[in-house]
There are 2 protein chains.
Amino acid sequence: MLMQGQQAFENVDLGAKAVQGNSLSSLFQMSATETVEAGKAICWEGDAARHLFQITEGVVRLHRIIGDGRRVITAFHFAGDVVGSFLQGDFLFTAEAVTDCKIRRLSRKQFQEEIERSELLRPAYINLLCRETASAHDQLVLLSRKNAEERLCTFLMKLATRDDQSLRQGLLEVPMSRQDIADYLGLTIETVSRSISKLAQRKIVAPDGRHNLRIVNLARLAQLSGNVDDFSERTCHRGSVH
Amino acid sequence: MLMQGQQAFENVDLGAKAVQGNSLSSLFQMSATETVEAGKAICWEGDAARHLFQITEGVVRLHRIIGDGRRVITAFHFAGDVVGSFLQGDFLFTAEAVTDCKIRRLSRKQFQEEIERSELLRPAYINLLCRETASAHDQLVLLSRKNAEERLCTFLMKLATRDDQSLRQGLLEVPMSRQDIADYLGLTIETVSRSISKLAQRKIVAPDGRHNLRIVNLARLAQLSGNVDDFSERTCHRGSVH
DNA sequence: CGAGCGATTGAGGATATTCAATCGGAGTGG
DNA sequence: CCACTCCGATTGAATATCCTCAATCGCTCG
């Protein structure tokens, strides 16, 4: 119903990704692979958006700074994702590598020409834009009406149900820092930390270093995310396209 | 820079709207006009999204219900706006008339065919999708990091700078209820009410009935919105396209 | 082994929520 | 025309959640 969580973090819907993501990927194949060290920026908010990027390896965060320096992370992106698809003039965010990354670059001009030319790429692109918007709306719901625990559980569920590799035998990799998570969820670092601790006390997750979490009770985590029937059947036997 | 507020409420950027909005409008010209009474629904979250709508007259709210009945309004739409552009399968929101409305309906199938056919409509559509995503991101920033006053001021500024008619001689029409505003801003009705009262005390606005506000000090309102340089030059002499 | 830094934990405080009472305009009936 | 009712909006008091400030922990890396 809600489709929440189905596209984790902006556009990671494997069902669709397998089709569209890959077809858009073909555009970037020709480009050279660049290496971006963890913490380094890929582009800056306010600059002319002359390029799009595809992430080949690693994790990227998009953020905006408001007024006095408050930071908002609007999205995380993972291997396979295209960054900047919805830009028209300037970059509306700063993109930074969370982990060491490999990326490919494509000029927006060329991207648009190719999209306009190919009857195959066009629907893939439109599909991507639609999923980005839908995901942004999911995040609106989270920020608007969920409490700290629900936010964190939603976040962890999305990470855990990305069918990359990320969840091997219940062990979830969380590459981003607590501060990143906080700025993504509209909380403070302390509240994130406390929420994780409480989940650990209740034996729903078990932290293992800063960047790993053992998901002990996935079903409970899904319940606590406040996403009703999402993360239930839907995400368990996915692959089916609606 | 930030482009926040430039497209008020999802896609109301008159600069672009004059161009793209109108060209997409042509698609709906053939459809019969339907009348929707204030408060009535136009479509329901979860239903198959077989149609798109264009609003000819009136104001529409889009909302989602989460879990126990918390409501989130993800967008308001006004005359000229297209509703449902980014849907792929089911409706991700319930759309309801805030005021008495006139709408036109178009099947998604036909919409997609026309878009695919016309080299003029396609960029207009893509442009719309991009602006919807950008607007959603503005709203993410608001919900993530702004306090009650900043949220309200941002909302009022967006209303006031829609170059519809809405602001005649400093008198701003606010067609939606306090509850609608609260659910859009991620606040409670009481907090919205109190925030308005405080702005009134400080002589920044002057309420005139439930649905009208005299904007006494627009510049101050802009400052308080927390959108830095937005709503400044940008929104004052708009019409220029970047 | 020590330094540094991210993360955790605790105490106190601020902002927004909740609960409750009152206000006041719009619509209705006498 | 006025009183009455209804319902959305306003206002107040108490509470809760999250934030801020501060101390400590404990990896990670030199």
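Chain letters run A, B, ... following the sequence lines, proteins first, then strands; residues in each count from 1.
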**Check: A:K158/A:N227 side-chain N/O donor and acceptor closer than 3.5 Å** = no
**Request:** With sequence neighbours excluded, tell me which residues meet side chain to side chain donor-acceptor pair (under 3.5 Å) with A:R104.
**Result:** A:Q29, A:T33
**Asked** What integer distance in Å separates B:Q179:CD from C:dT18:C1'?
**Response** 13 Å
**Complete:** Taken to the nearest whole Å, CD/B:E149 to P/C:dA14 is 17 Å
**Prompt:** Between C:dA16 atom P and B:R151 atom CZ, what is the distance in whole Å?
**Reply:** 8 Å
**Prompt:** Who passes salt bridge (Lys or Arg N to Asp or Glu O under 4.0 Å) against B:R105, sequence neighbours left out?
**Reply:** B:E34
**Non-neighbouring partners of B:E57 that pass side chain to side chain donor-acceptor pair (under 3.5 Å), sequence neighbours left out** = none
**Any residue meeting side chain to side chain donor-acceptor pair (under 3.5 Å) with B:T191, in chain and number order, not counting sequence neighbours** = B:T188
**Request:** Can you run down the salt bridge (Lys or Arg N to Asp or Glu O under 4.0 Å) pairs that involve residues 198-209 of chain B, sequence neighbours left out, and say none if there aren't any?
**Result:** B:E149-B:R202
**Message:** With nearest nucleotide decided by heavy atoms, which residue, A:L187 or B:R210, maps closer to the 5′ end of DNA chain D?
**Reply:** B:R210
**Message:** So if I take the C1' atoms of five pairs at each end of the helix from C:dC1-D:dG30 to C:dG30-D:dC1 and get each local axis, what angle do the two axes make, rounded to 10 degrees?
**Reply:** 30°
**Fill in**
Sequence neighbours excluded, the answer for side chain to side chain donor-acceptor pair (under 3.5 Å) partners of B:R214 is none
**Message:** Could you tell me how far apart A:E190 (CD) and C:dT9 (P) are, to the nearest whole angstrom?
**Reply:** 12 Å
**Asked** A:T133 side chain to B:F86 main-chain N or O, any donor-acceptor pair under 3.5 Å?
**Response** no
**Within residues 194-209 of chain A: residues closer than 4.0 Å to DNA chain D (heavy atoms)** = A:R194
**Request:** Take atom CZ of B:R145 and atom P of C:dA16, then tell me their distance rounded to the nearest Å.
**Result:** 14 Å
**Message:** The criterion is side-chain contact (heavy atoms from CB on, under 4.5 Å); which residues satisfy it with A:T35, sequence neighbours excluded?
**Reply:** A:K102
**Message:** Considering only residues two or more places apart or on different chains, which pairs with a residue in residues 180-190 of chain A satisfy salt bridge (Lys or Arg N to Asp or Glu O under 4.0 Å)?
**Reply:** A:R61-A:D180, A:R71-A:D180, A:R71-A:D183, A:D183-B:R145
**Asked** So what does A:S177 hit on the nucleic acid, given a heavy-atom distance under 4.0 Å: a base, only sugar-phosphate, or nothing?
**Response** sugar-phosphate
**Prompt:** Earliest and latest nucleotide of DNA chain D, 5' to 3', sitting under 4.0 Å from a non-hydrogen atom of chain B?
**Reply:** D:dG8 to D:dA13
**Item:** Those residues that, when tested against A:I189, pass side-chain contact (heavy atoms from CB on, under 4.5 Å) (two or more places apart)
**Value:** A:R178, A:Q179
